[in-house]
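See structure below.
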Protein chains: 2
Amino acid sequence: MLYYNIIYRFPFPGFTPMQQAAQTMTFMGSGHDHSHCLNEALDRAAALCTKRGVRLTTLRRRVLELVWGGHRPLGAYDILDTLKAERRGAAPPTVYRALDFLLAHGLVHRIESQNPFVGCPDPDKPHGGQFLICRTCGMAAELNDSGVDQAIRKSAKKAGFSVGRPIIEIQGLCPHCQDNVEGEGE
Amino acid sequence: MLYYNIIYRFPFPGFTPMQQAAQTMTFMGSGHDHSHCLNEALDRAAALCTKRGVRLTTLRRRVLELVWGGHRPLGAYDILDTLKAERRGAAPPTVYRALDFLLAHGLVHRIESQNPFVGCPDPDKPHGGQFLICRTCGMAAELNDSGVDQAIRKSAKKAGFSVGRPIIEIQGLCPHCQDNVEGEGE
DNA sequence: GGTTATAATGTTATATTATAACATTATCTA
DNA sequence: TAGATAATGTTATAATATAACATTATAACC
(Lines give C-alpha, C1' and ligand atoms only; values in the text may rest on other atoms or scores of the structure.)
Protein backbone atom coordinates (compact mmCIF):
# COMPACT_ATOMS: atom_id res chain seq x y z
CA MET A 1 0.00 0.00 0.00
CA LEU A 2 1.08 3.51 -0.79
CA TYR A 3 2.30 5.63 2.06
CA TYR A 4 0.89 9.06 1.48
CA ASN A 5 2.55 12.32 2.27
CA ILE A 6 0.03 13.15 4.92
CA ILE A 7 1.91 16.10 6.28
CA TYR A 8 0.14 18.03 3.62
CA ARG A 9 -2.27 15.47 2.36
CA PHE A 10 -5.67 14.53 3.56
CA PRO A 11 -7.11 11.18 4.49
CA PHE A 12 -8.23 9.65 1.24
CA PRO A 13 -11.81 8.56 0.77
CA GLY A 14 -11.85 4.80 0.90
CA PHE A 15 -9.63 4.61 3.96
CA THR A 16 -11.11 2.92 7.00
CA PRO A 17 -12.19 5.13 9.90
CA MET A 18 -9.13 4.02 11.84
CA GLN A 19 -6.82 4.96 9.00
CA GLN A 20 -8.60 8.30 8.69
CA ALA A 21 -8.16 8.95 12.39
CA ALA A 22 -4.51 8.02 12.32
CA GLN A 23 -3.86 10.27 9.40
CA THR A 24 -5.79 13.18 10.82
CA MET A 25 -3.80 12.95 14.01
CA THR A 26 -0.61 12.96 12.01
CA PHE A 27 -1.73 15.96 10.07
CA MET A 28 -2.47 17.69 13.32
CA GLY A 29 1.04 17.38 14.58
CA SER A 30 2.19 13.98 15.71
CA GLY A 31 5.11 12.21 14.14
CA HIS A 32 5.26 10.75 10.68
CA ASP A 33 8.13 9.09 8.89
CA HIS A 34 8.18 11.55 6.08
CA SER A 35 11.57 10.47 4.81
CA HIS A 36 10.07 7.06 4.18
CA CYS A 37 7.31 8.20 1.87
CA LEU A 38 9.68 10.70 0.27
CA ASN A 39 12.17 7.98 -0.55
CA GLU A 40 9.43 5.76 -1.80
CA ALA A 41 8.21 8.53 -4.10
CA LEU A 42 11.72 9.07 -5.46
CA ASP A 43 12.21 5.36 -6.06
CA ARG A 44 8.90 5.16 -7.87
CA ALA A 45 9.87 8.16 -10.00
CA ALA A 46 13.19 6.57 -10.92
CA ALA A 47 11.50 3.31 -11.90
CA LEU A 48 8.91 5.13 -13.97
CA CYS A 49 11.55 7.13 -15.83
CA THR A 50 13.54 4.01 -16.59
CA LYS A 51 10.41 2.33 -17.88
CA ARG A 52 9.67 5.29 -20.14
CA GLY A 53 13.25 5.65 -21.33
CA VAL A 54 13.65 9.19 -20.00
CA ARG A 55 16.26 10.55 -17.64
CA LEU A 56 15.65 11.48 -14.03
CA THR A 57 18.79 13.61 -13.82
CA THR A 58 20.33 14.81 -10.58
CA LEU A 59 18.65 18.18 -11.00
CA ARG A 60 15.23 16.76 -11.79
CA ARG A 61 15.46 14.32 -8.94
CA ARG A 62 16.49 17.08 -6.56
CA VAL A 63 13.58 19.31 -7.62
CA LEU A 64 11.17 16.42 -7.18
CA GLU A 65 12.65 15.79 -3.75
CA LEU A 66 12.15 19.42 -2.77
CA VAL A 67 8.56 19.45 -4.02
CA TRP A 68 7.76 16.23 -2.17
CA GLY A 69 9.69 17.25 0.90
CA GLY A 70 7.79 20.49 1.43
CA HIS A 71 5.05 20.42 4.00
CA ARG A 72 2.81 22.33 1.65
CA PRO A 73 2.69 23.38 -2.00
CA LEU A 74 5.99 24.93 -3.02
CA GLY A 75 6.52 27.88 -5.37
CA ALA A 76 9.04 27.76 -8.19
CA TYR A 77 11.05 30.53 -6.58
CA ASP A 78 11.09 28.75 -3.23
CA ILE A 79 12.67 25.81 -5.02
CA LEU A 80 15.05 28.18 -6.76
CA ASP A 81 16.20 29.69 -3.45
CA THR A 82 17.18 26.26 -2.20
CA LEU A 83 18.91 25.32 -5.45
CA LYS A 84 20.89 28.56 -5.47
CA ALA A 85 22.49 27.55 -2.20
CA GLU A 86 23.45 24.18 -3.67
CA ARG A 87 24.72 24.83 -7.19
CA ARG A 88 26.20 27.82 -8.91
CA GLY A 89 24.17 29.43 -11.64
CA ALA A 90 20.72 28.21 -10.68
CA ALA A 91 18.21 30.52 -12.34
CA PRO A 92 14.48 30.46 -13.10
CA PRO A 93 14.86 28.28 -16.21
CA THR A 94 16.74 25.74 -14.10
CA VAL A 95 13.66 25.23 -11.99
CA TYR A 96 10.99 25.65 -14.63
CA ARG A 97 12.63 23.18 -16.99
CA ALA A 98 12.86 20.56 -14.29
CA LEU A 99 9.25 21.23 -13.32
CA ASP A 100 8.14 20.98 -16.95
CA PHE A 101 9.72 17.56 -17.14
CA LEU A 102 8.15 16.42 -13.88
CA LEU A 103 4.75 17.78 -14.92
CA ALA A 104 4.96 16.09 -18.30
CA HIS A 105 5.59 12.76 -16.61
CA GLY A 106 2.88 13.24 -13.99
CA LEU A 107 5.38 13.29 -11.13
CA VAL A 108 4.15 16.64 -9.87
CA HIS A 109 1.01 18.72 -10.24
CA ARG A 110 0.64 22.46 -10.41
CA ILE A 111 -2.05 24.05 -8.29
CA GLU A 112 -3.42 26.29 -11.00
CA SER A 113 -5.32 28.66 -8.76
CA GLN A 114 -2.20 29.43 -6.71
CA ASN A 115 0.83 28.62 -8.90
CA PRO A 116 2.82 26.31 -6.62
CA PHE A 117 3.63 22.66 -7.15
CA VAL A 118 3.04 19.44 -5.22
CA GLY A 119 4.29 15.91 -5.68
CA CYS A 120 1.87 13.39 -7.14
CA PRO A 121 1.57 10.14 -5.21
CA ASP A 122 0.27 8.27 -8.23
CA PRO A 123 2.20 9.17 -11.40
CA ASP A 124 1.68 5.90 -13.24
CA LYS A 125 -1.74 6.70 -14.60
CA PRO A 126 -1.89 10.21 -16.04
CA HIS A 127 -4.70 12.27 -14.52
CA GLY A 128 -5.67 15.85 -13.92
CA GLY A 129 -5.22 16.71 -10.28
CA GLN A 130 -8.19 16.87 -7.93
CA PHE A 131 -7.29 18.97 -4.92
CA LEU A 132 -8.80 20.01 -1.63
CA ILE A 133 -7.07 23.25 -0.66
CA CYS A 134 -7.45 24.75 2.79
CA ARG A 135 -7.70 28.53 2.68
CA THR A 136 -6.49 28.85 6.26
CA CYS A 137 -3.47 26.55 6.56
CA GLY A 138 -2.63 26.29 2.86
CA MET A 139 -2.58 22.52 2.89
CA ALA A 140 -3.41 20.77 -0.39
CA ALA A 141 -4.69 17.20 -0.48
CA GLU A 142 -4.94 15.23 -3.67
CA LEU A 143 -8.10 13.26 -4.26
CA ASN A 144 -8.86 10.94 -7.09
CA ASP A 145 -12.56 10.50 -6.92
CA SER A 146 -14.03 8.58 -9.81
CA GLY A 147 -17.50 9.98 -9.04
CA VAL A 148 -16.24 13.49 -9.70
CA ASP A 149 -14.43 12.37 -12.81
CA GLN A 150 -17.51 10.60 -14.15
CA ALA A 151 -19.77 13.58 -13.46
CA ILE A 152 -17.40 15.80 -15.41
CA ARG A 153 -17.18 13.44 -18.36
CA LYS A 154 -20.93 13.09 -18.48
CA SER A 155 -21.41 16.85 -18.43
CA ALA A 156 -18.77 17.48 -21.09
CA LYS A 157 -20.26 14.80 -23.30
CA LYS A 158 -23.63 16.55 -23.24
CA ALA A 159 -21.90 19.65 -24.59
CA GLY A 160 -20.01 17.68 -27.24
CA PHE A 161 -16.73 18.60 -25.60
CA SER A 162 -13.77 16.21 -25.65
CA VAL A 163 -12.11 16.08 -22.24
CA GLY A 164 -8.34 16.37 -22.05
CA ARG A 165 -7.16 17.48 -18.65
CA PRO A 166 -9.82 18.16 -16.00
CA ILE A 167 -8.64 20.56 -13.31
CA ILE A 168 -10.46 20.38 -9.98
CA GLU A 169 -9.40 22.67 -7.14
CA ILE A 170 -11.78 22.82 -4.22
CA GLN A 171 -11.01 25.71 -1.91
CA GLY A 172 -12.44 25.52 1.60
CA LEU A 173 -11.55 24.50 5.13
CA CYS A 174 -9.74 21.33 6.20
CA PRO A 175 -11.10 19.45 9.25
CA HIS A 176 -8.43 20.91 11.51
CA CYS A 177 -9.07 24.52 10.52
CA GLN A 178 -12.85 24.08 10.76
CA ASP A 179 -12.37 23.10 14.39
CA ASN A 180 -10.19 26.11 15.07
CA VAL A 181 -12.62 28.53 13.48
CA GLU A 182 -15.49 27.04 15.47
CA GLY A 183 -13.37 27.20 18.63
CA GLU A 184 -12.87 30.93 18.11
CA GLY A 185 -16.62 31.37 18.02
CA GLU A 186 -16.59 32.73 14.50
CA MET B 1 -34.79 33.32 -20.80
CA LEU B 2 -31.17 34.30 -20.59
CA TYR B 3 -29.41 35.04 -23.83
CA TYR B 4 -25.95 33.58 -23.53
CA ASN B 5 -22.79 35.01 -24.94
CA ILE B 6 -22.42 32.15 -27.35
CA ILE B 7 -19.62 33.72 -29.30
CA TYR B 8 -17.39 32.19 -26.70
CA ARG B 9 -19.84 30.09 -24.77
CA PHE B 10 -21.01 26.58 -25.37
CA PRO B 11 -24.47 25.16 -25.59
CA PHE B 12 -25.52 24.50 -22.04
CA PRO B 13 -26.60 21.04 -20.98
CA GLY B 14 -30.34 21.13 -20.55
CA PHE B 15 -30.94 22.92 -23.82
CA THR B 16 -33.09 21.16 -26.38
CA PRO B 17 -31.35 19.63 -29.40
CA MET B 18 -32.67 22.47 -31.53
CA GLN B 19 -31.29 25.07 -29.17
CA GLN B 20 -27.97 23.23 -29.11
CA ALA B 21 -27.83 23.19 -32.90
CA ALA B 22 -28.69 26.87 -33.18
CA GLN B 23 -25.99 27.77 -30.71
CA THR B 24 -23.37 25.55 -32.25
CA MET B 25 -24.01 27.13 -35.64
CA THR B 26 -23.63 30.55 -34.12
CA PHE B 27 -20.41 29.57 -32.47
CA MET B 28 -19.15 28.34 -35.78
CA GLY B 29 -19.54 31.62 -37.49
CA SER B 30 -23.04 32.79 -38.30
CA GLY B 31 -24.51 35.98 -36.96
CA HIS B 32 -25.42 36.69 -33.38
CA ASP B 33 -26.74 39.86 -31.82
CA HIS B 34 -23.93 40.16 -29.37
CA SER B 35 -24.75 43.73 -28.41
CA HIS B 36 -28.07 42.46 -27.17
CA CYS B 37 -26.71 39.97 -24.68
CA LEU B 38 -23.97 42.41 -23.73
CA ASN B 39 -26.51 45.11 -22.92
CA GLU B 40 -28.60 42.64 -21.05
CA ALA B 41 -25.60 41.59 -18.98
CA LEU B 42 -24.81 45.23 -18.16
CA ASP B 43 -28.41 45.94 -17.18
CA ARG B 44 -28.46 42.89 -14.95
CA ALA B 45 -25.21 43.98 -13.34
CA ALA B 46 -26.57 47.45 -12.67
CA ALA B 47 -29.72 46.03 -11.10
CA LEU B 48 -27.73 43.64 -8.94
CA CYS B 49 -25.43 46.41 -7.69
CA THR B 50 -28.39 48.60 -6.83
CA LYS B 51 -29.99 45.72 -4.96
CA ARG B 52 -26.79 45.16 -2.99
CA GLY B 53 -26.18 48.86 -2.33
CA VAL B 54 -22.82 48.93 -4.11
CA ARG B 55 -21.69 51.16 -6.92
CA LEU B 56 -21.24 50.07 -10.51
CA THR B 57 -19.09 53.08 -11.36
CA THR B 58 -18.25 54.15 -14.90
CA LEU B 59 -14.90 52.41 -14.67
CA ARG B 60 -16.30 49.17 -13.29
CA ARG B 61 -19.07 49.14 -15.84
CA ARG B 62 -16.60 49.75 -18.65
CA VAL B 63 -14.34 46.92 -17.49
CA LEU B 64 -17.33 44.58 -17.28
CA GLU B 65 -18.34 45.65 -20.77
CA LEU B 66 -14.87 44.88 -22.12
CA VAL B 67 -14.78 41.50 -20.43
CA TRP B 68 -18.20 40.59 -21.76
CA GLY B 69 -17.54 42.08 -25.15
CA GLY B 70 -14.44 40.01 -25.82
CA HIS B 71 -14.91 36.97 -27.97
CA ARG B 72 -12.75 34.99 -25.64
CA PRO B 73 -11.26 35.25 -22.13
CA LEU B 74 -9.51 38.61 -21.74
CA GLY B 75 -6.29 39.28 -19.85
CA ALA B 76 -6.00 42.14 -17.38
CA TYR B 77 -3.39 43.83 -19.54
CA ASP B 78 -5.57 43.51 -22.63
CA ILE B 79 -8.22 45.42 -20.73
CA LEU B 80 -5.61 47.91 -19.60
CA ASP B 81 -4.50 48.58 -23.18
CA THR B 82 -8.03 49.53 -24.12
CA LEU B 83 -8.51 51.68 -21.04
CA LYS B 84 -5.25 53.53 -21.66
CA ALA B 85 -6.62 54.75 -24.97
CA GLU B 86 -9.75 56.03 -23.23
CA ARG B 87 -8.64 57.69 -20.02
CA ARG B 88 -5.42 59.24 -18.89
CA GLY B 89 -3.53 57.51 -16.11
CA ALA B 90 -4.94 54.02 -16.47
CA ALA B 91 -2.52 51.64 -14.78
CA PRO B 92 -2.56 48.04 -13.55
CA PRO B 93 -4.33 48.90 -10.28
CA THR B 94 -7.07 50.60 -12.28
CA VAL B 95 -7.92 47.31 -13.91
CA TYR B 96 -7.24 44.98 -11.03
CA ARG B 97 -9.36 46.97 -8.60
CA ALA B 98 -12.27 46.98 -10.99
CA LEU B 99 -11.82 43.25 -11.57
CA ASP B 100 -11.65 42.61 -7.82
CA PHE B 101 -14.98 44.32 -7.42
CA LEU B 102 -16.56 42.43 -10.30
CA LEU B 103 -15.17 39.13 -9.01
CA ALA B 104 -16.41 39.81 -5.49
CA HIS B 105 -19.90 40.35 -6.84
CA GLY B 106 -19.83 37.34 -9.14
CA LEU B 107 -20.08 39.46 -12.27
CA VAL B 108 -16.93 37.95 -13.76
CA HIS B 109 -14.90 34.80 -13.24
CA ARG B 110 -11.19 34.31 -13.49
CA ILE B 111 -9.94 31.31 -15.44
CA GLU B 112 -7.40 30.18 -12.87
CA SER B 113 -5.39 27.93 -15.12
CA GLN B 114 -4.81 30.74 -17.62
CA ASN B 115 -5.25 34.05 -15.75
CA PRO B 116 -7.78 35.84 -17.96
CA PHE B 117 -11.32 36.86 -17.11
CA VAL B 118 -14.77 36.16 -18.53
CA GLY B 119 -18.18 37.61 -17.81
CA CYS B 120 -20.55 35.48 -15.77
CA PRO B 121 -24.03 35.06 -17.24
CA ASP B 122 -25.55 34.23 -13.88
CA PRO B 123 -24.20 36.51 -11.12
CA ASP B 124 -27.24 36.34 -8.85
CA LYS B 125 -26.35 33.09 -7.17
CA PRO B 126 -22.69 32.98 -6.15
CA HIS B 127 -20.91 29.92 -7.53
CA GLY B 128 -17.46 28.74 -8.44
CA GLY B 129 -17.04 28.69 -12.19
CA GLN B 130 -17.25 25.47 -14.14
CA PHE B 131 -15.52 25.90 -17.48
CA LEU B 132 -14.94 23.97 -20.65
CA ILE B 133 -11.80 25.42 -22.22
CA CYS B 134 -10.76 24.58 -25.76
CA ARG B 135 -7.01 24.19 -26.07
CA THR B 136 -7.13 24.96 -29.78
CA CYS B 137 -9.36 27.99 -30.18
CA GLY B 138 -9.14 29.30 -26.60
CA MET B 139 -12.88 29.49 -26.18
CA ALA B 140 -14.21 29.12 -22.63
CA ALA B 141 -17.77 28.00 -21.95
CA GLU B 142 -19.32 28.23 -18.53
CA LEU B 143 -21.28 25.25 -17.32
CA ASN B 144 -23.25 24.93 -14.18
CA ASP B 145 -23.81 21.27 -13.82
CA SER B 146 -25.38 20.24 -10.55
CA GLY B 147 -24.17 16.66 -11.04
CA VAL B 148 -20.57 17.83 -10.97
CA ASP B 149 -21.26 20.04 -8.00
CA GLN B 150 -22.92 17.22 -6.08
CA ALA B 151 -20.11 14.78 -6.84
CA ILE B 152 -17.62 17.28 -5.49
CA ARG B 153 -19.58 17.95 -2.33
CA LYS B 154 -20.00 14.25 -1.71
CA SER B 155 -16.30 13.61 -2.13
CA ALA B 156 -15.27 16.54 0.08
CA LYS B 157 -17.69 15.43 2.76
CA LYS B 158 -16.04 12.01 2.91
CA ALA B 159 -12.76 13.77 3.66
CA GLY B 160 -14.34 16.04 6.26
CA PHE B 161 -13.54 19.06 4.12
CA SER B 162 -15.83 22.10 4.08
CA VAL B 163 -16.34 23.34 0.53
CA GLY B 164 -15.98 27.05 -0.17
CA ARG B 165 -15.28 27.75 -3.80
CA PRO B 166 -15.01 24.78 -6.16
CA ILE B 167 -12.93 25.52 -9.25
CA ILE B 168 -13.57 23.31 -12.28
CA GLU B 169 -11.63 23.92 -15.48
CA ILE B 170 -11.91 21.21 -18.07
CA GLN B 171 -9.32 21.57 -20.77
CA GLY B 172 -9.96 19.75 -24.04
CA LEU B 173 -11.42 20.25 -27.50
CA CYS B 174 -14.65 22.03 -28.40
CA PRO B 175 -16.93 20.41 -31.00
CA HIS B 176 -15.73 22.74 -33.73
CA CYS B 177 -12.03 22.06 -33.13
CA GLN B 178 -12.60 18.31 -32.84
CA ASP B 179 -14.02 18.39 -36.37
CA ASN B 180 -11.07 20.35 -37.68
CA VAL B 181 -8.54 18.03 -36.11
CA GLU B 182 -10.33 15.03 -37.55
CA GLY B 183 -10.51 16.75 -40.94
CA GLU B 184 -6.74 17.15 -40.92
CA GLY B 185 -6.39 13.41 -40.46
CA GLU B 186 -4.56 13.80 -37.18
C1' DG C 1 38.04 5.00 -27.25
C1' DG C 2 36.92 8.93 -30.22
C1' DT C 3 33.30 11.33 -32.95
C1' DT C 4 29.08 13.14 -33.68
C1' DA C 5 24.26 13.95 -32.56
C1' DT C 6 21.09 14.94 -29.09
C1' DA C 7 19.58 16.20 -24.65
C1' DA C 8 20.24 18.86 -20.62
C1' DT C 9 21.79 22.74 -18.35
C1' DG C 10 23.93 27.46 -17.92
C1' DT C 11 23.37 32.32 -18.67
C1' DT C 12 21.44 36.75 -19.64
C1' DA C 13 17.64 39.25 -20.54
C1' DT C 14 12.91 40.17 -20.53
C1' DA C 15 7.80 39.16 -20.63
C1' DT C 16 3.59 38.62 -18.04
C1' DT C 17 0.67 38.94 -14.12
C1' DA C 18 -0.28 41.21 -9.80
C1' DT C 19 0.19 44.09 -5.54
C1' DA C 20 2.02 47.76 -2.16
C1' DA C 21 1.86 52.29 -0.62
C1' DC C 22 0.53 56.71 -0.58
C1' DA C 23 -1.85 60.91 -2.94
C1' DT C 24 -5.92 62.75 -4.91
C1' DT C 25 -10.67 63.05 -6.24
C1' DA C 26 -15.46 61.80 -6.06
C1' DT C 27 -19.51 60.50 -3.51
C1' DC C 28 -22.33 59.99 0.49
C1' DT C 29 -24.12 61.45 5.03
C1' DA C 30 -25.26 64.49 8.15
C1' DT D 1 -21.21 72.63 3.14
C1' DA D 2 -18.08 69.81 6.22
C1' DG D 3 -16.35 65.70 7.29
C1' DA D 4 -16.16 60.75 6.47
C1' DT D 5 -15.75 57.15 3.30
C1' DA D 6 -15.13 55.07 -1.06
C1' DA D 7 -13.01 55.13 -5.44
C1' DT D 8 -9.39 56.22 -8.36
C1' DG D 9 -4.70 58.09 -9.65
C1' DT D 10 0.20 57.45 -9.43
C1' DT D 11 4.68 55.46 -8.79
C1' DA D 12 7.19 51.67 -7.75
C1' DT D 13 7.99 46.94 -7.31
C1' DA D 14 6.87 41.97 -6.36
C1' DA D 15 5.90 37.39 -8.12
C1' DT D 16 5.61 34.20 -11.80
C1' DA D 17 7.29 32.61 -16.22
C1' DT D 18 9.62 32.39 -20.83
C1' DA D 19 12.88 33.58 -24.88
C1' DA D 20 17.16 33.03 -26.93
C1' DC D 21 21.50 31.54 -27.34
C1' DA D 22 25.92 29.37 -25.23
C1' DT D 23 27.90 25.52 -23.02
C1' DT D 24 28.24 20.97 -21.12
C1' DA D 25 26.91 16.25 -20.47
C1' DT D 26 25.14 11.94 -22.25
C1' DA D 27 24.07 8.60 -25.78
C1' DA D 28 24.88 6.19 -29.96
C1' DC D 29 27.62 4.90 -33.42
C1' DC D 30 31.79 3.77 -35.71
Side-chain angles (χ1 to χ4, degrees), chain A residues 45-46 49-50 52-67 70 72-105 107-118 138 169, chain B residues 45-46 49-50 52-67 70 72-105 107-118 138 140 167 169:
Chain A
C49 287
T50 301
R52 294 188 186 166
V54 295
R55 291 162 54 199
L56 187 64
T57 61
T58 309
L59 173 63
R60 290 166 177 174
R61 187 184 154 95
R62 180 61 179 140
V63 170
L64 178 58
E65 189 177 17
L66 291 172
V67 171
R72 58 193 61 258
L74 211 56
Y77 282 75
D78 296 331
I79 297 166
L80 179 56
D81 288 343
T82 303
L83 286 185
K84 271 180 175 163
E86 296 176 357
R87 48 197 299 152
R88 64 166 248 291
T94 312
V95 174
Y96 281 102
R97 284 193 288 227
L99 288 171
D100 284 347
F101 173 88
L102 298 171
L103 285 167
H105 288 283
L107 294 163
V108 304
H109 291 291
R110 182 172 186 271
I111 309 267
E112 302 289 349
S113 59
Q114 302 178 341
N115 304 326
F117 301 83
V118 297
E169 297 182 5
Chain B
C49 287
T50 301
R52 293 187 188 166
V54 295
R55 289 163 53 201
L56 187 64
T57 61
T58 308
L59 173 62
R60 290 167 177 173
R61 186 184 155 94
R62 180 62 179 140
V63 170
L64 178 59
E65 188 177 17
L66 291 172
V67 172
R72 58 194 59 259
L74 212 56
Y77 281 75
D78 296 331
I79 298 167
L80 179 56
D81 287 343
T82 303
L83 285 185
K84 271 180 175 163
E86 297 176 355
R87 47 196 301 152
R88 64 167 248 290
T94 312
V95 173
Y96 280 102
R97 283 192 289 227
L99 287 170
D100 284 346
F101 172 88
L102 298 171
L103 285 167
H105 289 283
L107 294 163
V108 304
H109 291 291
R110 181 172 187 271
I111 308 267
E112 302 289 349
S113 59
Q114 302 179 341
N115 305 325
F117 301 83
V118 297
I167 297 167
E169 297 181 6

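Chain letters run A, B, ... following the sequence lines, proteins first and then strands; every chain starts at 1. Values below: every heavy atom of this structure, side chains too, minus hydrogens, waters and symmetry copies.
With sequence neighbours left out, the salt bridge (Lys or Arg N to Asp or Glu O under 4.0 Å) criterion links A:Glu65 to A:Arg62.
Heavy-atom distances to DNA chain C give each of A:Ala91 and A:Phe101 a nearest nucleotide, and the one nearer the 5′ end belongs to A:Phe101. When the nearest nucleotides of DNA chain D are assigned to A:Gly75 and B:Ala98 by heavy-atom distance, the more 5′-ward of the two goes with B:Ala98.
Under the 4.5 Å side-chain criterion, counting only non-hydrogen atoms from C-beta, A:Val67 is not in contact with A:Leu107.
Of the possible donor and acceptor atoms, none in the side chain of B:Asp100 sits under 3.5 Å from a partner among the backbone N and O of B:Arg97. Without hydrogens or angle criteria, B:Arg60 side chain to B:Arg55 main chain gives a donor-acceptor distance under 3.5 Å. A donor-acceptor distance shorter than 3.5 angstrom exists from the side chain of A:Glu169 to the backbone of A:Ser113, with no hydrogens or angles considered.
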Show your reasoning for whether side-chain contact (heavy atoms from CB on, under 4.5 Å) applies to B:Val63 and B:Thr94. CA-CA 10 Å; B:Val63 170; B:Thr94 312; over 6 Å; no

Show your working on side-chain contact (heavy atoms from CB on, under 4.5 Å) between A:Arg110 and A:Leu99 and close with a plain yes or no. CA-CA 9 Å; A:Arg110 182 172 186 271; A:Leu99 288 171; over 6 Å; no

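One interatomic measurement links the two molecules: NE2 of A:His105 to C1' of C:dA7, which rounds to 12 Å at whole-angstrom precision. Residue A:Arg88 contributes atom CZ, which lies 10 Å from atom C1' of C:dT9 at whole-angstrom precision. The distance from atom CG of A:Leu56 to atom P of C:dA7 is 17 Å, rounded to the nearest whole Å. Put simply, CG on A:Leu59 is 13 Å from C1' on C:dA7, counting in whole angstrom units.
Residues from residues 78-87 of chain B lying near DNA chain D, meaning a heavy-atom separation below 4.0 Å, are B:Arg87 in numerical order.
If you run side-chain contact (heavy atoms from CB on, under 4.5 Å) between A:Phe117 and each of A:Leu66, A:Asp78, A:Leu103, only A:Leu103 comes through.
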Quick tally for nucleotides 17-29 of chain D: nucleotides whose base has a protein heavy atom under 4.0 Å get B, sugar-phosphate-only ones S, the rest -, giving BBBB-----S---

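Between A:Thr57 and the phosphate of C:dT9, there is a side-chain N or O to OP1/OP2 separation shorter than 4.0 Å.
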